[in-house]
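By convention in this document, chain letters (A, B, ...) are assigned in the order of the sequence lines, proteins followed by strands, and residues within each chain are numbered from 1.
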Amino acid sequence: MASNPVMELEIWKGEWGLPSVDVHCLEVMTYAKFSGTPLKTKITNNPFKTPHGSLPVFQHENECLTKFGEISAYLRKNNHTADFELSPKQCAEAFAYSHLIYEKLVPALQFIWWIDSKNFIEFTRPLYAKLLPFPLNFYYPGQYEKHAKQLAMSLYPEEDDLSVIETAVYRQADECLCLLATKLGEKEFFFGQSPSSLDAVVFAHLAPLLKAPLPSAALQNHLKACTNLTRFVGRVLQRYFPKEIKDHEQAERKITKQESEYSDSEFPNKLRNISIAALISLVAMTAYAMSTGIIQVVPADEGEEED
Amino acid sequence: MRYGAVAVPTSDLHPISSSRVNRPAPKKAFGAESGCHENLSTSSSEMRTQIGKKAHRLPRGHPALEPWPSDVKLYQPYEVEQILLQDQANSLAVQVFLRMCGLEFQVEMRSNAEHMSPSGKLPFIKCGAFVVADLDPIVSFIANKGINLTDHLDAAQKADMRAYMSLANNILGNAELYISWCDENVLNEVTCPRYGSVYSWPLNTLLTWRKQKQVTKKLTALGWITKTLDEVYEDVDHCCNALSERLGNHLYFFNDRCTELDAVVFGHVFTLLTTPLPDNRLASIVRSYPNLVEACQFLEKAFFQKPTANTTDGDSDNFN
């Protein structure tokens, strides 16, 4: 592999004002922002060409890494860390809370994205079909769905009914969100004024859940009710990803402008068409009436109407 | 036949958090306007997609609210010849938790305990008409009876406790599974003989193979299968480091009083220290954190030492 002097990250594209739609990509990107790493991102949307079969792919010098743990350890070795202000006890807490999210929230996110049939058919599959190039868009969504189902089945091996698994999984996620809200409290970030690796992990898992237009949105509504978590996500986006927010707002404005123009432009045509149609029908009816003798135009000097 | 024809599905006995039953909802539930656990789903198209938020208060006179009976039994596989790392850790955690709560129970060993369990998880307890498996549901079940160990914790400490429990279960539990079932040495020398010891040939081979497939599938789904053994040991080290930092030079994790977290950590640490494996790196990793070892020894003395040399309590001599 060619040695790459610049730190590069291949990612999934972003939507809804987020820099990426994928949780793992977001983790790495947010951590890089928090630690001040000069990271160059490349939108490839192509897990097929990656060495490990999934995105993100971090490349620097001769290193090629894909897991957040490995990447953050590598960055720490190169003196880029977001945890330099944390005491060892706080580092331990950050580690513990990350695992709380992996144990309780990740199964629910997988469920919402890939197993809930309404979401999968109306939201996830079209999204990935749009992002992936042909012909990968026929293969990968199915693979991800299969992985998600395997995760659910392996966590609840004795349950055959998906709805029971769904309730259990959502309940755990519900509890996890409450615990995170309690931990965050009214602080700006989980460990005070400056963000840490835990903030990166929490943001990466909550942001897609918050911003994605999910058809079936029970957990999303619960997250929205945890206002301090919602504010936290907004804060991180505003401070560290302002460009994505601006791009998203511009794109939204353009779409609404186009829609209103389109609806405005209908009106003149509509009116004109209606008036022309009315005129033609009037003329036709008058002509018919006159030709059949219902209406007769009597010359003025006769002074009488026949019939 | 599943034990307990009237076994209530564990989901019904599992209120959302143990504090829910013992105290009113905290007045300052951060962030959640209407309180975290109440019914918040507004898009209630189908009942089942709500996040199960009728608050799980059991009605008065519900059988689960009866006082603790005197004939409660805890079922686990045979300790000397059959039980494996993770089941041993979980069983010890439940046993020490029950003893911390001052609840009487008897340990019953069954070769088919795993198949008797309602959810497949071990250990499970039979309490009156109820069969409850795994530590979390058991903690909730006992909390329904008004007994819990976390009254002295505030909300932030409870959150910390749950986070550390997730850490211990995720890393130590999965590491135990990995080492038992994915490391060739341990698999051939320890796991297969022990798991199949209670069955005759060819059932022992078949069942061991089936269990191995099931565990491999779970570890694949969780992303552990791609780890090397060294990476697993590194994760265990990192986890023990985090637990050791939290414990500091105390004997308990929170406020010098025991909680479920102490029980969970005791279960894992004791198991890892006392189980002889072909490669004892796990034990040496754990031993390098003396405060964890000391806390484990303290709990063993406090809750398991009996005047007579009784062998039902996970004593290290029981492992061959």
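By number of non-hydrogen pairs under 4.5 angstrom with chain A, the leading residue of B/E231, B/K217, B/H238 is B/H238. Contact count against chain A (heavy-atom pairs under 4.5 Å) is highest for B/I171 among B/L243, B/I171, B/N169, B/L222. For the set B/S244, B/A156, B/A242, B/S166, the count of heavy-atom pairs under 4.5 angstrom toward chain A peaks at B/S166.
Residue contact with chain A, scored on non-hydrogen atoms closer than 4.5 Å, involves the side chain of B/N170 exclusively. The part of B/T226 that comes within reach of chain A is its side chain, from C-beta onward, which places non-hydrogen atoms under 4.5 angstrom from that chain.
A/F232 and A/F190 have their aromatic ring centers within a separation under 6.0 angstrom. Taking the six-membered ring wherever Trp is involved, the centroid distance between the rings of A/W12 and A/Y128 falls below 6.0 Å.
No side-chain heavy atom of A/Y97 sits under 4.5 Å from any side-chain heavy atom of B/L167.
Here the NZ-OG distance, from A/K149 to A/S154, works out to 14.0 Å after rounding to the nearest 0.5 Å.
A donor-acceptor contact closer than 3.5 angstrom links the side chains of B/E114 and B/Y195.
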